[in-house]
Amino acid sequence: MKYIDEFRQRALAQKLAASIQEEADSNRQYNLMEFCGGHTHAIFRYGVQDLMPSNITFVHGPGCPVCVLPIGRIDNAIQLLEQHNVILCTYGDMLRVPASGRKSLLKAKANGADVRMVYSTQDALKIAHNNPDRQVVFFAIGFETTTPPTAVAIKQAHMQGLKNFSVFCNHVLTPAAIQSILDSPEVRDIKSVSIDGFFGPSHVSTIIGSRPYEFFAKTFQRPVVIAGFEPLDVMQSALMLIRQLNEGRYEVENEYTRVVTREGNLKAQLLVAEVFEVRRLFEWRGLGMVPNSALQIKPHFADFDAERRFKLPAIQASDIKGCECPSILRGVKKPTDCKLFGTVCTPENPMGSCMVSSEGSCAAYWSYGRFRQPDDKTKREGVAV
Amino acid sequence: MTTRKRFPLPLNTQDGVVDMAHGSGGRAMAQLIEQLFIKHLDNALLRQGNDQACFNVPAGRMVMSTDGHVISPLFFPGGDIGSLAVHGTVNDVAMSGAKPLYLAAGFILEEGFPLADLERVVISMAAAAKAAGVAVVTGDTKVVERGKGDGIFITTTGVGMVPDGVNISGDCAQPGDAVLVSGTLGDHGVAVMSSRENLEFDTQIESDSAALHTLVADMVKAVPTIHCLRDPTRGGLATTLNELATQSQVGIRLEERAIPIQPAVSAACELLGLDPLYIANEGKLIAICPAKEAAQLLAVMRAHPLGQQAAIIGNVVEDPHSFVQMETAFGGSRIVDWLASEQLPRIC
């Protein structure tokens, strides 16, 4: 495939592996956090770690919009179904995420709620047009990448005077989340977690550009490389991070130049700015309340804001006891550090969001890499070592 | 004296729809069976009109398989639920190495389903059965109220006879065996997805839906020591190999570069964030045989029209955990795991 196979070439991977081996200082450890679940997925799916020296550790970050959505917001979505009898349109990943009381959207659907899996915001608009007697809510989640299509849908609904369509907005912002991780006590004070550099979110940067990461690269002295999602992108970006760390530089570099610019997509940014404004505070699973880290619908488009239309309350809900998703999302723990991993929490029976989402680190560990885990628990579960 | 017609008006297969009377057991049902099912699926046993078919079988081992067919949309590039209902069960019977002989078909129809579509499905079934050399010899029809079905569901049950000396089963794979696949993977699943209402995209990919029994016959004749055969339908190659590894209590190692996948299928899967190893097939098989026979089996498969792109894709190893693992084309390794649930497209 043109523009795909070029970034999965084995021969190039071996050359890059040799360069990394040569340039990585064997006397130091490199802990590189991939913010995006897409990177986590690529690392496991293609076996990238097999090509890396042992002193390079990939730390899996919070970059999966499904994983970071707090349980209370899913409880809200179930409220919309059970108390307001809406048609709830959602992307597929959300269906199985556990809410409070072991509920999920999929279970709500099985109990008769009208949940529709959609592939785009346009599908949700179409459903609203086809069901004029029902309230249709689009469950909007995602980082900066998926925000522009939501803005388009809201503007279209506004222009069409659609009375039965609204958006439950859960769009979140990556720069604030990375800053929150670097500001966390584990990283900043206690030093229990070492993160030396970041693979920057690439699809996010197609919209916002690479510039928003410059502030904390300098402030927190951590290099950032905006990295594409193909395995060669990940390896090249690792090499770029290693070089920066070896040279003591803390800059934002762009490996994904075929798509990302420093300024990003200005048209999309303007569109988002027209429809959304920054929320002062939003809860992230794993990170807690993070200031200026999410978007809400502007008053001008308030008619299309499901939170206002249905007066949704803020719900504080706790994670399932023993679930380490919050620590895993911050890179403080590995999936295999969780007592539930592989015992009661598996993709068939997920206890936490990191096991549900195909981009979650627990799912990636379990599905692609559990034969690598040498600890006793995985042995008990029938895992090769 | 004039003979009164049994059904004064013919079944309206142009504009008519299925109604509750068609499942009532009365005259409307008799007319549907006579003017639609028997008309197209005609054979001596079916024409007898009994509630069962009575036939002689040769001495030996008989196999039997049943399969429910539920698909949306009902008509897709390269096939429809009718041909699929034949191919699915013919293949399940054939994967024992058997020659399929007879099929039974159960239809669950939804009130309001157009008779024109039903006729199209039955004509397709008849053509598929004829091509596969099997006869649909008995059947059943039920009608459910509007909203309680999805147009049409078809369950087919097949029987066939296993040649002497053939012992093919999912628990027979042994360390050292070779793993072969008969052709490109994921074609059926991508063709069906491309024609779903909310996911339409342009592709030249057609379903690979086909009856594989003649391919199996050639394979069994040339290499009677084949250990396992299975068609990787729902869940795709990955799920089927996990089934075989678990049944045989062995591990399987795949070589990603050897697995045949059409570029258009790879592209569609990239677009949707899906893994082609988990996408359904309806005209492909996996074979596991002793390594020393693999080259001969591959040659036989490639000589058959349904196996031209056959390939050796891996081997069987000892593994108490029954993992399916793969050396990636990129040079790393990973598990090819059981599917946890339906594959879902990524958000971003």
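Throughout, protein chains are lettered first and strands after them, A, B, ... in sequence-line order, and every chain is numbered starting at 1.
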> Rounded to the nearest 0.5 Å, what separation is found between the CZ atom of A:Arg45 and the CD1 atom of B:Ile335?
Replying inline: 15.0 Å
> Would a 4.5 Å heavy-atom cut-off, applied to side chains only, mark B:Val336 and A:Tyr368 as touching?
Replying inline: no
> Would the number of heavy atoms belonging to other residues, nucleotides or ligands and lying under 6.0 Å from NZ of A:Lys107 be above 12?
Replying inline: yes
> Distance from B:Thr328 atom OG1 to A:Leu51 atom CG, nearest 0.5 Å?
Replying inline: 7.5 Å
> Would you call B:Phe330 and A:Met235 a side-chain contact if the rule is heavy atoms closer than 4.5 Å?
Replying inline: yes
> Is a salt bridge present between A:Arg10 and B:Glu327, judged by a nitrogen-to-oxygen distance below 4.0 Å?
Replying inline: yes
>> Given heavy-atom pairs under 4.5 angstrom as the criterion, report whether the side chain, backbone, both or neither of A:Gln14 touches chain B.
In response: neither
> Counting heavy-atom pairs under 4.5 Å to chain B, which of A:Leu232, A:Asn349, A:Leu12, A:Val48 comes out on top?
Replying inline: A:Leu232
> What do you reckon, is CZ of B:Arg257 surrounded by more than 12 foreign heavy atoms closer than 6.0 Å?
Replying inline: yes
>> How about CD on B:Gln249, more than 12 heavy atoms from neighbouring residues, nucleotides or ligands closer than 6.0 Å, or not?
In response: no
> Is the closest side-chain heavy-atom distance between B:Arg334 and A:Asp50 below 4.5 Å?
Replying inline: no
> Quick one: of A:Gly38, A:Ala13, A:Ser120, who has the most non-hydrogen atom pairs under 4.5 Å with chain B?
Replying inline: A:Ala13
